[in-house]
Amino acid sequence: MANIQSAKKRIRQTQKRTAHNRTYISAARTYVKRTRQLIADGKLDEAQASANMAYKTLDKAARKKVLHPRNAARRKGRLMAALEKARQES
């Protein structure tokens, strides 16, 4: 445990930021999971709508530096590739 006042403050700030950032990461993961589940179920129109929300949340997380921009781009690319593959198979 920190003894110095500034270190204690940094711990409090980090906890607050972590909690705030977790909302962005959680939302993005939720939309990505939902989209993948809809693709697996064959509901491609709903999956497209969910993918658009996933795109939006991933972009927002990247813009706020919660997620690295390349990480967000990679996730979006994989999601769109999965959706396109499902469209080709059906």
Side-chain angles (χ1 to χ4, degrees):
M1 187 65 199
N3 291 322
I4 298 171
Q5 191 64 33
S6 61
K8 291 178 183 177
K9 181 178 178 181
R10 294 299 293 175
I11 290 169
R12 290 194 307 270
Q13 288 175 327
T14 301
Q15 288 173 340
K16 192 181 291 187
R17 286 189 187 115
T18 301
H20 185 256
N21 291 344
R22 192 175 294 135
T23 60
Y24 291 104
I25 294 170
S26 176
R29 287 181 66 197
T30 299
Y31 281 117
V32 169
K33 283 182 183 179
R34 185 177 299 157
T35 304
R36 290 195 181 280
Q37 186 59 47
L38 288 169
I39 290 170
D41 293 343
K43 301 175 183 175
L44 300 182
D45 292 334
E46 293 176 41
Q48 180 62 51
S50 182
N52 290 341
M53 288 302 297
Y55 249 61
K56 187 176 176 179
T57 54
L58 285 167
D59 283 337
K60 190 169 188 176
R63 191 168 53 247
K64 294 189 176 286
K65 304 284 193 240
V66 174
L67 201 62
H68 194 279
R70 288 188 188 130
N71 188 311
R74 184 176 62 243
R75 291 183 193 202
K76 291 187 303 186
R78 287 178 181 171
L79 196 61
M80 283 298 119
L83 188 59
E84 193 57 36
K85 183 179 178 186
R87 279 209 179 102
Q88 304 242 334
E89 291 174 355
S90 63

* Y31, OH atom: more than 12 neighbouring heavy atoms under 6.0 Å -> no
Open item on the list: Would you say that more than 12 heavy atoms from the other residues, nucleotides or ligands in this model lie under 6.0 Å from the CZ of R87, or not?
Closed with: yes
Smallest separation among heavy atoms of [X] and [Y], with atom names:
| X | Y | result |
| --- | --- | --- |
| A47 | T35 | O-CG2, 3.5 Å |
| A86 | L44 | CB-CD2, 3.7 Å |
| I39 | L79 | CD1-O, 4.4 Å |
| P69 | A62 | CA-CB, 4.0 Å |
| R36 | A82 | NH1-CB, 3.8 Å |

Steps toward side chain to side chain donor-acceptor pair (under 3.5 Å) verdict (R34, Q37): CA-CA 5 Å; R34 185 177 299 157; Q37 186 59 47; over 6 Å; no
**Asked** Considering only heavy atoms from C-beta outward, does the side chain of V32 approach that of L58 to under 4.5 Å?
**Response** yes
Contacts satisfying salt bridge (Lys or Arg N to Asp or Glu O under 4.0 Å) that involve residues 42-63 (not counting sequence neighbours) are D59-K76
From the list Q15, K9, K16, side-chain contact (heavy atoms from CB on, under 4.5 Å) with Q13 holds only for K9
Spacing of [atom1] belonging to [X] relative to [atom2] belonging to [Y], to within rounding of 0.5 Å:
| X | Y | atom1 | atom2 | value |
| --- | --- | --- | --- | --- |
| N21 | K65 | CG | NZ | 12.5 Å |
| R10 | R17 | CZ | CZ | 5.5 Å |
| R29 | R22 | CZ | CZ | 11.0 Å |

Residues passing the side-chain hydrogen bond (donor to acceptor under 3.5 Å, both in side chains) test with N52, sequence neighbours excluded, are Q48
